[in-house]
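To start, the structure itself, in structure tokens.
Start at 1 and go down the list; that is how both ligands and their atoms are numbered.
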Amino acid sequence: MGRLRIRNHGKIQAELRVQGSKNSSLPCLAAALLHSGTTVLDGVPMIEDVRTAIGILRALGTQVTVEGSRVTVCAHEITCTEIPPGFMRKMRSSVIFLGAMLARTGEAKAVYPGGCVLGSRPIDFHLEGFRRLGCEVNLREEIIEVRSCGMSGAVIRLPFSSVGATENLLLAAAGAQGTTVIENAAREPEIVELSRLLMRMGVDVRGAGTSRIAICGRAAVRDVCFSMSGDRIVAGTWLLCCMNAGGTICLERAPVQWMQSTLEVLGRMGAVIRTEGMVVECSAPERILPVSYLETAPYPGFPTDMQSQFLPVLSGAQGDSCICETVFSSRFRIVSELERMGADIEVSDDLTRARIRGGKRLHGTAVTAPDLRGGAALIIAAMGAEGDTVIDDFYHIERGYECIADTIRLLGGDACWIV
Ligand code: EPZ
């Protein structure tokens, strides 16, 4: 389904259970390849990117069954070492399967990955890491071929704490002889989650959540049943919906300990936040306060995956705000769509900063989702806007958010598909 019409009916009074984490589920699904037995993952969100990951696993020869949010992968046999191009081009995370394939079979072939357009997204750190583990990496035209005649542990220092490269190298290192140390590793919760799964499988991983991770490879891995945590970015998205529409929202299964920077900014904007265990409740203020300066940064900093969603809310604040994007080179493509709804946002010539002029009441119109989180920002905008908003290219949003129309209805809005 391509287009969704959204209309809001005022303040939100809702309770929601947060879906499982996309960015944890994807590498954990890839990790199932390490093991010739069975891996069971619970709490996996049924979203397009997960369907793509399951498609890759099946294409490589594994048996995958899905019951609700439980995914069972039996990887007795790997029948193919090439990830089909159609899947590679659908999402960035498909590249993580290279590391897992190397660990399992010693070879992997794929085209360059697709995914959200957020500026240049090279994979040089991943490939250099494979080389450091002793692999031969051949690149011709679009094709990446990686081969090893026995990987050995190495010290790999990442030039930037890339989430994907850390995951890929963790997975590959699980198949290397000896210890691999990843320096300047990403500290994101998704790395912690993947490492927990690997440890449950029997791999010795130390230091996950810090910038130095050590992995001891070639462990005898075992069957495992593992539960995914709630999605910190999806949870943040629904909190911002409430900020824009007004009212109160209560989220269950929210990974509160991993949402601190988002909750802190919401507090600065005047939200009343209460947390208890994995429950977070947010009440929107009558007047939203502007944020003079906010900068995205790797975890535990303010997440780049949340900045788009703040733009429509800050447009309604009582003054001007500024957001600086430091992780990706071009992540303000949503601005032109929000401007069609009445926002006034100026993006700097080098595309790193957005100045958001406050005091704007957004109005519904026809808009197009440019990427996943930009699309989420349009849902938030629609929930606070006057009149109907029709969001085109909705598939971008379905890559990361489950049952969106039902959730919007739960929040008190109307949502109807236009065919
Ligand atoms: C992950 O992407 C997430 N995706 C992204 O979420 C998230 O925005 C990003 O991490 C940062 O937190 C998944 O987990 C599936 P990076 P990833 O490698 O791994 C540069 C969402 O909306 N870089 O940490 O691709 C890169 O260009 C998505 O859910 C290199 O230069 O991000 C970027 O500027 C979007 N060479 C920076 O590092 C490399 O080899 C961070 O990228 C790798 C990365």
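- In this structure, Phe394 has its ring center at least 6.0 angstrom away from the ring center of Tyr401.
- Interface of Lys22 with ligand 1, defined as ligand atoms under 4.0 Å from a residue heavy atom, comprises 21 (C), 29 (O).
- Looking at Met91 and Pro113, their side chains never come closer than 4.5 Å, going by heavy atoms from C-beta outward.
- Taking a 4.0 Å cut-off on heavy atoms, Met306 fails to register as neighbouring ligand 1.
- Ligand 1 places these atoms under 4.0 Å from at least one heavy atom of Arg121: 2 (O), 17 (P), 25 (O), 27 (O).
- The shortest N/O to N/O separation between Phe328 and ligand 1 does not fall below 3.5 Å.
- Here the SG atom belonging to Cys241 is positioned 7.0 Å from the CD1 atom belonging to Ile249, to the nearest 0.5 angstrom.
- Taking all heavy atoms of Ser162, Pro122, Pro113 into account, the minimum distance to atom 39 (C) of ligand 1 is reached by Pro122.
- When only interatomic distances are considered, the shortest N/O to N/O separation between Arg373 and ligand 1 falls below 3.5 Å.
- Around the CD atom of Glu136, the shell of radius 6.0 Å holds no more than 12 heavy atoms that belong to other residues, nucleotides or ligands.
- In this structure, Arg333 CZ and Thr368 OG1 are separated by 11.0 Å, a value rounded to the nearest 0.5 Å.
- Relative to atom 34 (O) of ligand 1, the option among Asp305, Val327, Ile96 with the closest non-hydrogen atom is Val327.
- When hydrogens are left out, the protein atom nearest atom 3 (C) of ligand 1 is Asn23 ND2, 3.7 Å; that is the closest non-hydrogen contact.
- Residue Ser161 places no N or O, backbone or side chain, under 3.5 Å from any N or O of ligand 1.
- The heavy atom nearest to atom 24 (O) of ligand 1, considering only Thr296, Val163, Thr166, Thr304, is found in Val163.
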Working note: Arg399 + Glu48, criterion salt bridge (Lys or Arg N to Asp or Glu O under 4.0 Å); need CA distance, chi angles, decisive distance, verdict. CA-CA 4 Å; Arg399 288 187 45 204; Glu48 274 314 299; over 6 Å; no
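- Where the criterion is an N or O separation shorter than 3.5 Å, residue side chain and backbone included, Phe125 meets it with respect to ligand 1.
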Please walk me through it: do His126 and Asn168 pass side-chain hydrogen bond (donor to acceptor under 3.5 Å, both in side chains)? CA-CA 7 Å; His126 304 234; Asn168 225 342; 3.0 Å; yes
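- Atom numbering of ligand 1 starts at 1 in the shown order; those under 4.0 Å from a heavy atom of Ser93 are 15 (C).
- For the atom pair Cys324 SG and Arg355 CZ, the distance stands at 11.5 Å (nearest 0.5 Å).
- In this structure, the side chains of Arg51 and Glu398 stay at 4.5 Å or more apart for every pair of heavy atoms.
- Atom 38 (O) of ligand 1 has its closest protein heavy atom at Phe160 CD2, 3.6 Å.
- Residue contact check: Arg331 has heavy atoms under 4.0 Å from atoms 8 (O), 22 (O), 35 (C) of ligand 1.
- Residue contact annotation: Glu190 has no non-hydrogen atom under 4.0 Å from ligand 1.
- Remark: minimum distance from atom 27 (O) of ligand 1 to any protein heavy atom is reached at Ser120 O, 3.2 Å.
- Here is the list of ligand 1 atoms found below 4.0 Å of a heavy atom in Gly164: 18 (O), 19 (O).
- Here's the thing with Asp124: one of its N/O atoms is less than 3.5 angstrom from an N/O atom of ligand 1.
- By the 4.5 Å heavy-atom criterion applied to side chains, Glu193 and Ser229 are counted as neighbours.
- Checking Asp350 against Thr352 by side-chain atom types alone, a donor-acceptor pair falls below 3.5 Å.
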